[in-house]
Protein chains: 2
Amino acid sequence: MNHLAVFKALSNPTRLQILTWLKTPEAYFPEQQEPFSTGVCVGQIQKKSGMTQSTISENLSVMQRAGLVTSIRKGQWTYYKRNEAAFEQLSLVVASEI
Amino acid sequence: MNHLAVFKALSNPTRLQILTWLKTPEAYFPEQQEPFSTGVCVGQIQKKSGMTQSTISENLSVMQRAGLVTSIRKGQWTYYKRNEAAFEQLSLVVASEI
DNA sequence: AATTTATATCGTTTTTTCCCGATATATCAA
DNA sequence: TTGATATATCGGGAAAAAACGATATAAATT
């Protein structure tokens, strides 16, 4: 875990917002058909954010490179979901390492 | 606790470095006379960092505004120390809120 | 094969952050 | 009060980050 990259990834209101949405996707993406265990696709997140597609795609990439989310491609769609293990690990890092 | 401000404060290698030093000041500032419970003064941190006085002062301010460190003035010196409660709180936030 | 849909990447502009030197302020010592 | 020391603040230049539109890629559909 690259602490600096993780903190940078968390230093942006758009990305924090996305993480909140992905925490309880059933609350924020009720229209989704796909089971939430798969994640949420980029387009849904983009629509909700009001930002452009490229911006959201970039922001998701930043979080993925930091290890905070994972993605899986299914057909034309890419589903992103939180990597909860990363948050647990980060919690420990903050509590005792940093 | 302003999460965004905290993460921004942690998104800088110089500041992360300073936090490490302040975690075990007796290891990193053995020359200090003042008891470590008071904190470490700006000049010592600056000397160790190799950066300019203004840069270190700014970086300490950023962390103080985020609540990660506290400062106390004693005569001409300002001593900074970690606010461990903030890290505990942040750990909980990362584990369950974000 | 051609078209459509979803996402990623590229190039650019704007904004923010970082670090610096210079200067201001505060305290101490003479 | 003057001079010295420690820290904070200011102004600016360089670098990094953020967001955008345009375009490329990948998969599905016809």
Side-chain angles (χ1 to χ4, degrees), chain A residues 2-19 21-22 25 29 31-34 36 38-66 68-81, chain B residues 2-19 21-22 25 29 31-34 38-81:
Chain A
N2 177 343
H3 304 164
L4 186 58
V6 168
F7 290 129
K8 282 189 178 180
L10 293 172
S11 297
N12 175 283
T14 300
R15 293 194 290 266
L16 286 180
Q17 177 72 88
I18 292 172
L19 287 173
W21 292 339
L22 293 184
F29 304 96
E31 72 281 27
Q32 171 159 327
Q33 303 301 321
E34 197 76 10
F36 290 111
T38 311
V40 179
C41 70
V42 180
Q44 296 299 317
I45 299 171
Q46 184 261 315
K47 211 190 306 179
K48 196 164 188 64
S49 75
M51 293 185 156
T52 64
Q53 189 272 324
S54 63
T55 295
I56 297 307
S57 180
E58 285 280 7
N59 276 320
L60 289 168
S61 287
V62 168
M63 291 196 284
Q64 184 170 37
R65 283 196 294 272
L68 295 173
V69 300
T70 59
S71 74
I72 187 171
R73 180 107 196 194
K74 289 217 171 177
Q76 315 169 256
W77 294 276
T78 307
Y79 294 88
Y80 281 86
K81 66 173 174 180
Chain B
N2 177 343
H3 303 164
L4 186 58
V6 169
F7 290 130
K8 282 187 178 181
L10 293 172
S11 297
N12 175 282
T14 300
R15 293 194 289 268
L16 286 180
Q17 176 73 88
I18 292 172
L19 287 173
W21 292 339
L22 294 184
F29 304 97
E31 71 282 25
Q32 171 160 326
Q33 302 302 322
E34 197 75 12
T38 311
V40 178
C41 71
V42 179
Q44 296 298 318
I45 298 170
Q46 184 262 314
K47 210 188 307 177
K48 196 165 188 63
S49 74
M51 293 185 156
T52 64
Q53 188 272 322
S54 63
T55 294
I56 296 308
S57 179
E58 284 281 6
N59 277 320
L60 288 167
S61 286
V62 168
M63 291 196 284
Q64 183 171 38
R65 284 196 294 274
L68 294 174
V69 300
T70 59
S71 73
I72 186 170
R73 180 106 197 194
K74 289 216 171 177
Q76 316 169 257
W77 294 275
T78 307
Y79 293 88
Y80 281 86
K81 66 173 176 180

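Note that these values count all heavy atoms, side chains included, but never hydrogens, waters or copies made by symmetry. In the text below, chain A, chain B and the rest are named by the order of the sequence lines, each starting its count at 1.
Atom CE of A:Met63 is separated from atom P of D:dA17 by 16 Å (rounded to the nearest Å). One atom, NZ of A:Lys74, and another, P of C:dT7, lie 14 Å apart when rounded to the nearest Å. The distance between atom CZ of A:Arg65 and atom P of D:dA17, rounded to the nearest whole Å, is 10 Å. The nearest whole Å value for the distance from the CD atom in A:Gln46 to the P atom in D:dC20 is 9 Å. Rounded to whole Å, the distance from CE on B:Met51 to P on C:dT17 is 17 Å. Distance, B:Tyr79 OH to C:dT27 C1': 13 Å, rounded to whole Å. As rounded to whole Å, 15 Å separates atom C1' of C:dC18 from atom CG of B:Leu60. Atom pair B:Trp77:CH2 and C:dC28:P shows a separation of 8 Å (rounding to whole Å applied).
Under 4.0 angstrom from either OP1 or OP2 of D:dA8 there lies at least one side-chain N or O belonging to B:Ser57. Close to C:dT16, at under 4.0 Å from its OP1 or OP2, lies no side-chain N or O of A:Asn12. Remark: B:Thr78 is in phosphate contact with D:dA8, judged by side-chain N or O atoms under 4.0 Å from OP1 or OP2. Phosphate contact (OP1/OP2 of C:dA6, side-chain N/O of A:Tyr80, threshold under 4.0 Å): absent.
With the nearest nucleotide of DNA chain C identified for both B:Gly50 and B:Lys8, B:Lys8 has the one nearer the 5' end. Toward the 5' end of DNA chain C, the nearer of the two residues A:Arg73 and A:Glu58, judged by each one's closest nucleotide, is A:Arg73. Each of A:Asn59 and B:Cys41 has a nearest nucleotide on DNA chain D; the 5'-most of these lies closest to B:Cys41.
No hydrogens or angles were tested; on distance alone, nothing pairs the side chain of A:Thr52 with the base of D:dG21 as donor and acceptor under 3.5 Å. Applying the 3.5 Å distance criterion, the base of D:dA8 shares a donor-acceptor pair with the side chain of B:Gln53. Taking only distance into account, the side chain of A:Gln76 never meets the base of C:dT7 through a donor-acceptor pair shorter than 3.5 Å.
Within the 4.5 Å cutoff, the side chain of A:Thr70 has heavy atoms near those of the A:Lys81 side chain. A heavy-atom distance below 4.5 Å is not found between the side chains of A:Tyr80 and A:Ile18. Looking at B:Val62 and B:Leu68, their side chains never come closer than 4.5 Å, going by heavy atoms from C-beta outward. Using a 4.5 Å cut-off on side-chain heavy atoms (C-beta onward), A:Lys48 and A:Gln17 make no contact. Between A:Asn12 and B:Phe7 the shortest side-chain heavy-atom distance does not fall below 4.5 Å.
In the set C:dC20, C:dT7, D:dT7, C:dC20 carries the atom at the smallest distance from any side-chain atom of B:Ser54.
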